[in-house]
A.B. asks: 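What follows is a structure written as structure tokens; I'll ask about it next.
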Amino acid sequence: MPELPEVEVICRGLRPIITGRVIRAAALSGKRLRLPIPQAAIDGFAINQQITAVRRRAKYLIIALANGAGLIIHLGMTGKLGVFPREIPPARHDHLRLRLDNNMELRLNDTRRFGSIQVLAPDIDELDFFADLGPEPLEDKLTAAYLLQRAAKSQRPLKNFLMDSHVVVGIGNIYANEILFAAGIAPQLPVSQITRPVWQNIVQQTREVLERAIAAGGSTISDFTNASGKPGYFQLQLKVYGRAGQPCPTCGLAIQKASQGGRATFWCANCQMSHRQLVSVTIAS
DNA sequence: AAACACCCCTGCGGGC
DNA sequence: TGCCCGCAGGGGTGTT
């Protein structure tokens with residue numbers, strides 16, 4: 001489900017609701033997520049700790065605690081976080097409930113259980129935990145120069161490259177497709193062929209698409225909801241994702257669909273430049 | 001390195 | 001109506 005915009009929307013929604021609260025108890029479903037829920041570490045480091053901050057890194061949510069520990073939550077494909085009054089019965093697929101000091105519960109619901117919860121112990125540096133991740137796309141470290149350097153000598157298709165969290169974080173299948181449509185570049189293009197000004201445009205379109213998606217409350221394809229249980233609306237602005245066979249919003253040509261790395265790719269063969277077109281444009285300019 | 005297959009899991013919609 | 005199949009926003013591993 002959630003890519004960077006959805007996680008950011010949840011983060012911003014959760015922050016004012018749970019910051020300052022104290023975690024009093026944890027209740028587990030007993031089922032494992034992609035990783036087992038670390039009950040002993042939660043009991044040891046999180047119970048009776050005050051929540052001091054709620055942050056996002058990549059597609060992870062970080063709930064920072066007063067003792068320096070942190071809960072690191074990944075929502076996988078179907079994860080949802082919400083805060084509910086204690087008296088509301090837990091829902092099917094609620095796998096972790098954290099009882100707070102105000103009779104509310106922070107609940108993680110995850111149908112497919114591809115999400116994860118990890119505990120960052122107080123003596124572990126968060127930077128080390130996330131050491132393998134690339135830069136945040138909405139921060140200054142993502143530059144055309146960086147992407148040009150990372151892409152040198154690589155024949156990887158552009159879309160796969162953008163979805164690689166070692167290269168840049170937060171971009172999943174929906175937004176990779178949308179960003180490349182906005183940038184006017186074919187998703188199959190080998191990255192070593194891409195010139196600096198084109199990378200500059202990709203960086204700019206990445207930021208614009210992600211920012212617009214955050215502003216719209218994220219994309220609700222089937223079940224995404226924010227921390228208050230409300231859906232997002234960016235799916236209404238999607239131009240290619242999920243629109244195979246429908247007319248391109250720009251030129252009217254049917255949107256194409258193919259598989260790349262086991263994920264569906266959607267693009268307009270007319271509006272998104274192939275390698276050949278890119279070369280001819282570069283020569284002309 | 002990088003491409004691919006396959007794994008984790010549940011639910012939904014389409015086709016028959 | 002029901003059943004089976006493919007597919008779905010994530011990421012990780014192991015094999016060529």
Side-chain angles (χ1 to χ4, degrees), chain A residues 1-11 29-37 56-61 72-81 91-96 108-118 129-134 137 149-181 187-193 209-210 213-214 216-226 231-245 257-266:
Chain A
M1 172 215 325
E3 303 183 30
L4 183 152
E6 290 74 32
V7 179
E8 181 64 25
V9 165
I10 290 183
C11 183
S29 68
K31 300 228 175 155
R32 63 170 280 155
L33 306 181
R34 190 168 59 75
L35 304 171
I37 298 177
R56 179 190 60 75
R57 171 76 171 104
K59 296 171 187 167
Y60 294 91
L61 272 168
I72 298 180
I73 299 174
H74 196 290
L75 298 174
M77 293 275 260
T78 53
K80 292 192 245 187
L81 275 172
R92 183 168 165 80
H93 306 304
D94 275 354
H95 295 298
L96 177 67
L108 172 67
N109 185 283
D110 188 355
T111 302
R112 290 177 71 182
R113 290 191 268 134
F114 286 174
S116 64
I117 299 168
Q118 291 162 278
F129 187 90
F130 293 122
D132 292 337
L133 295 180
Q149 180 264 319
R150 285 295 303 253
K153 292 181 284 186
S154 171
Q155 300 308 302
R156 295 180 78 182
L158 174 55
K159 175 163 169 269
N160 306 47
F161 182 79
L162 278 187
M163 290 176 68
D164 184 344
S165 65
H166 302 288
V167 175
V168 55
V169 300
I171 302 173
N173 202 37
I174 292 180
Y175 295 105
N177 281 295
E178 293 300 309
I179 287 164
L180 294 181
F181 178 80
Q188 301 83 359
L189 199 68
V191 289
S192 66
Q193 309 290 335
V209 168
L210 296 178
I214 292 168
S219 296
T220 297
I221 299 299
S222 70
D223 60 0
F224 169 74
T225 56
N226 66 18
Y233 294 96
F234 193 71
Q235 70 280 5
L236 302 174
Q237 299 181 51
L238 297 178
K239 296 191 166 31
V240 289
Y241 180 84
R243 301 191 66 241
K257 180 181 181 182
S259 180
Q260 271 181 270
R263 323 291 299 262
T265 293
F266 302 88

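Below, chain A is the first sequence line, B the second, and so on; all start at residue 1.
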A.B. asks: Can you tell me which nucleotide in dA8(C), dG9(C), dG12(C) comes closest to the side chain of Arg263(A)?
C.D. replies: dG9(C)

A.B. asks: Any non-hydrogen side-chain atom of Val167(A) less than 4.5 Å from a side-chain atom of Leu162(A)?
C.D. replies: no

A.B. asks: Near DNA chain B, under 4.0 Å by heavy atom, which residues of residues 153-166 of chain A?
C.D. replies: Ser154(A), Gln155(A), Arg156(A), Pro157(A)

A.B. asks: Step by step, would you call Gln235(A) with Thr220(A) a side chain to side chain donor-acceptor pair (under 3.5 Å)?
C.D. replies: CA-CA 6 Å; Gln235(A) 70 280 5; Thr220(A) 297; 4.5 Å; no

A.B. asks: Distance check needed: dG10(C) C1' versus Leu35(A) CG, whole Å only.
C.D. replies: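 Going from Leu35(A) (CG) to dG10(C) (C1'), I get 12 Å.
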
A.B. asks: Suppose we screen for ring pair (Phe, Tyr, Trp, His ring centres under 6.0 Å). Which residues come up paired with Phe129(A), at least two apart in sequence or across chains?
C.D. replies: none

A.B. asks: To the nearest angstrom, how far is Ile117(A) atom CD1 from dG10(C) atom P?
C.D. replies: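 Going from Ile117(A) (CD1) to dG10(C) (P), I get 19 Å.
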
A.B. asks: In chain order, what residues pass the salt bridge (charged side-chain N to carboxylate O under 4.0 Å, His left out) check against Arg156(A), with sequence neighbours excluded?
C.D. replies: Asp164(A)

A.B. asks: Can you give the dot-bracket line for DNA chain C, where a pair is Watson-Crick or G-U wobble with both atom distances under 3.5 Å, crossing pairs use [ ], and | marks a partner on another strand?
C.D. replies: .|||||||.|||||||

A.B. asks: Specify the separation, in whole Å, of atom CG of Asp132(A) and atom C1' of dG12(C).
C.D. replies: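 Atom CG in Asp132(A) sits about 12 Å away from atom C1' in dG12(C).
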
A.B. asks: When you compare the side chain of Asn173(A) with that of Lys159(A), does any pair of heavy atoms fall below 4.5 Å?
C.D. replies: yes

A.B. asks: Please give the distance between the P atoms of dC7(C) and dA5(B) as a whole number of Å.
C.D. replies: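 Per the computed distance, 13 Å lies between those P atoms.
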
A.B. asks: Polar atoms only, N or O, under 3.5 Å: list the protein pairs with nucleotides 8-11 of chain B and their distances.
C.D. replies:
unit_1, atom_1, unit_2, atom_2, d
dC9(B), O4', Arg112(A), O, 3.4
dC9(B), O3', Arg113(A), NH2, 2.9
dC9(B), O2, Arg112(A), NE, 2.8
dC9(B), N3, Arg112(A), NH2, 3.3
dT10(B), OP1, Arg113(A), NH2, 3.0
dT10(B), O3', His93(A), NE2, 3.4
dG11(B), OP1, Arg92(A), NE, 3.2
dG11(B), OP1, Arg92(A), NH2, 3.3
dG11(B), OP1, His93(A), NE2, 3.0

A.B. asks: Would you mind reading off the distance between Asp110(A) atom CG and dG10(C) atom P, rounded to a whole angstrom?
C.D. replies: 13 Å

A.B. asks: I need the CG-P distance between Leu81(A) and dG10(C), as an integer number of Å.
C.D. replies: 17 Å

A.B. asks: Could you work out the separation of dC3(C) and dC9(B) based on their P atoms and round it to a whole Å?
C.D. replies: 24 Å

A.B. asks: What is the distance, rounded to the nearest whole Å, between atom NE2 of His74(A) and atom P of dG9(C)?
C.D. replies: 14 Å

A.B. asks: So, using side chain to side chain contact (heavy atoms under 4.5 Å, CB included) as the criterion, who are the partners of Arg57(A) when residues are at least two apart?
C.D. replies: Ile62(A), Phe130(A), Leu133(A), Glu136(A), Val169(A)

A.B. asks: Starting at CD1 of Ile171(A) and ending at P of dG11(C), how long is that distance when rounded to a whole Å?
C.D. replies: 11 Å

A.B. asks: Indicate, with a heavy-atom threshold strictly under 4.0 Å, whether Tyr241(A) touches base, sugar-phosphate, or nothing.
C.D. replies: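 Sugar-phosphate: the residue Tyr241(A), judged by heavy atoms under 4.0 Å, touches backbone atoms but no base.
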
A.B. asks: Looking only at heavy atoms, which two atoms of Pro2(A) and Leu75(A) are closest? And how far apart?
C.D. replies: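 In terms of heavy atoms, the two residues are closest at CG-CB, 3.4 Å.
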
A.B. asks: Do the side chains of Leu4(A) and Arg56(A) get nearer than 4.5 Å, heavy atoms only?
C.D. replies: yes

A.B. asks: For a 4.5 angstrom cut-off between non-hydrogen side-chain atoms, does Lys153(A) reach Ser192(A)?
C.D. replies: no

A.B. asks: If we only count heavy atoms from C-beta on, is the Leu210(A) to Pro137(A) side-chain gap below 4.5 Å?
C.D. replies: yes

A.B. asks: What is the distance, rounded to the nearest whole Å, between atom OH of Tyr60(A) and atom P of dG10(C)?
C.D. replies: 12 Å

A.B. asks: Is there a side-chain contact between Arg150(A) and Phe161(A), using heavy atoms and a 4.5 Å cut-off?
C.D. replies: yes

A.B. asks: Please examine the side chains of Leu158(A) and Pro187(A), heavy atoms only from C-beta on, and report whether any two atoms are closer than 4.5 Å.
C.D. replies: no

